[in-house]
Amino acid sequence: VGGWLECVILCAFTVSLAAQTPDVSASRPFSALSAADRVELQQLIARYSHALDHAPPDGLAFAELFTGDGTLVTATETFTGHPALAAYASRYRAANGGARNLSTNVLIEAVPGGASGKVYVVAVRSDPAGPGSIIAGGHFEDRYVRTAQGWRFLRRQFFASRLR
Amino acid sequence: MLEAQPAPEGLFLMLHVKTRALVVTLAFLRMAAPAQAQESAKPTLTPADYIEIQQLVARYAHAIDTCSNNGYDYADLYVPDGQYSNSRSKTKWIGRERLAEAAGGGKNGCKKLQTENARSHTITNLVIDPAPEGATGKSYLVYPGVRGQHSDADHSGHVGGYQDVYVKTPAGWRFKSRIHVFPPDIPGSYKPAD
C-alpha cells in the first residue's frame, strides 16, 4: 500500500507546486507572444512619448525604457547605452520644448529572442500665437527584448516621412 | 462488505519515514509560497483589464464627439458619482446629469453639433498603471481641426492630455475621474488645487 500511496501523494504535490510556478515566457517559442506581452509592449511604446516629452530633464526615465546597451537611431544620429540615451532625451526636450510625439498604428510581431514593432509617430506643437502644427512625422522600427524589469527597447530607429 | 478506510493521519503514518519528511517539506513550501506572494502583493491588472480600459478611453472620444444618446452615453462611461474637470477651470461636472451636459447633452440638447467646430478628441499614448482603487491613466489629446486650427489657440492642435482614475464595477471599467490637463501642466503629475 505504501508504494502506490507515496506515488499518489508525491504526484499530487508535484502537480500542485507546478501549478503555482510562474510562467517563464522567455522560454516560449518565438511565435507565442501572450496577450500580456502585447499589452506590456503597447505600454512601453506609450511611455516612450511621455518620457521624451514630459519626464524630468535628466533624461533617465527615457533611457531606462531601453536595455543597458539599447540603441536609438534618429534621422541623423545614433545613441547607444543609457548615458547617451539620457543625454539625447535631455537635449531633445531643450530643443523641442512643447513638442508632443503621438504614437499610433502600433504593429507588434514575435521574432526570435523577443519582438519587433512598427509604430507611426506624429510630432505636433502648439504655437501660443497660432494653430497647432505638425513638425515631424514618420515611423519607428523597433526591436524589443524582455528583461527582468519587463519589456525594453533593444533598438529603435526613426524613419522620417519624405516628399518625393 | 466495505472495509473501514484509514483516517488521513493513518495514511501519513503508513509512509516511509523519508517520504514523510519529503511530504512535510513540500507542504511547507506550498504554504510558504502564498505568504511570499502576499508580502510582495501589489495591485495588478490583467491583459483583459488593460484592453477594457483602452476601450473605455476610445469610447470616451466617440461619445463626446457625437453627443450620442443626448450625452448620456458619455455620462455612463463614469461611475454614478464620477467627475470631469479641467486644469483651467474650477468647475467640476459631477454625476450623470452634469456629465451629460459636459458632453453637450442633457439640458443642452447637443446643440453644439450645430453651433461648434467638431473637436475630434484624438487620444494617444495611453499609459495605464494599476492602483489600489483600480487603475490610473495618462494620455495625450489633440484637436486636429483643419490643419491644426480648431478654435482659439488654447483649443487647437496639441492640447495637453488626460489624467484619469478608473474603477472596476459590475458593469465593467468606468471613469472615477478625468481631468483634462492643459499645457504647461503635465498629465499624470498634475495636482488639482483642492
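Chain identifiers are assigned alphabetically (A, B, ...) following the order of the sequence lines, protein sequences preceding nucleic acid strands; residue numbering begins at 1 within each chain. The structure presented is a predicted model; accordingly, all values stated were derived computationally and were not measured.
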Problem - From CG (A:N105) to OG1 (B:T124), nearest 0.5 Å - result: 11.0 Å
Practice task
Indicate, with yes or no, if B:V159 and B:V181 share a hydrophobic cluster defined by side-chain heavy-atom contacts under 4.5 Å among Ile, Leu, Val, Met, Phe, Trp and Tyr.
Solution key: no
Exercise for the section: Answer with yes or no whether the hydrophobic clustering places A:L52 together with A:V106; edges join I, L, V, M, F, W, Y residues whose side-chain heavy atoms lie under 4.5 Å apart. Expected result: yes
Problem - B:Y140 OH to A:N101 CG distance, which is reported to the nearest 0.5 Å - result: 6.5 Å
Practice task
Report whether B:Y166 and B:I179 are members of the same hydrophobic cluster (ILVMFWY, side-chain heavy atoms less than 4.5 Å apart, transitive linking).
Solution key: no
Exercise for the section: State yes or no: do A:F140 and A:I108 share one hydrophobic cluster built from I, L, V, M, F, W and Y residues joined by side-chain heavy-atom distances below 4.5 Å, directly or via other members? Expected result: yes
Completion exercise
Taken to the nearest 0.5 Å, the spacing of B:S189 OG from A:H50 NE2 works out to 10.5 Å
Exercise for the section: Go through the atoms of B:T122 and report whether side chain, backbone, both or neither lie under 4.5 Å from a heavy atom of chain A. Expected result: neither
Handout entry: Engaged part of B:I128 at the chain A interface, taking heavy atoms whose separation is under 4.5 Å
Key = both
Problem - Same apolar cluster: B:L126 and B:I186, side chain cutoff 4.5 Å - result: no
Problem - Gap between atom CG of B:L141 and atom CZ of A:R100 - 0.5 Å precision - result: 12.0 Å
Problem - B:N125 CG to A:T104 OG1 distance, which is reported to the nearest 0.5 Å - result: 9.0 Å
Practice task
Give, as side chain, backbone, both or neither, the part of A:Q42 having an atom under 4.5 angstrom from any heavy atom of chain B.
Solution key: side chain
Problem - Minimum-distance pair of heavy atoms, taken over all atoms of B:P47 and A:A35 - result: CB-CB, 3.8 Å
Problem - Approximate separation, where rounding is to 0.5 Å, of A:Q43 CD and B:Y50 OH - result: 5.5 Å
Handout entry: Other residues, nucleotides, ligands: >12 heavy atoms within 6.0 Å of B:R59 CZ
Key = no
Practice task
Would you indicate whether A:Y120, at its atom OH, is surrounded by more than 12 heavy atoms from other residues, nucleotides or ligands within a distance under 6.0 Å?
Solution key: no
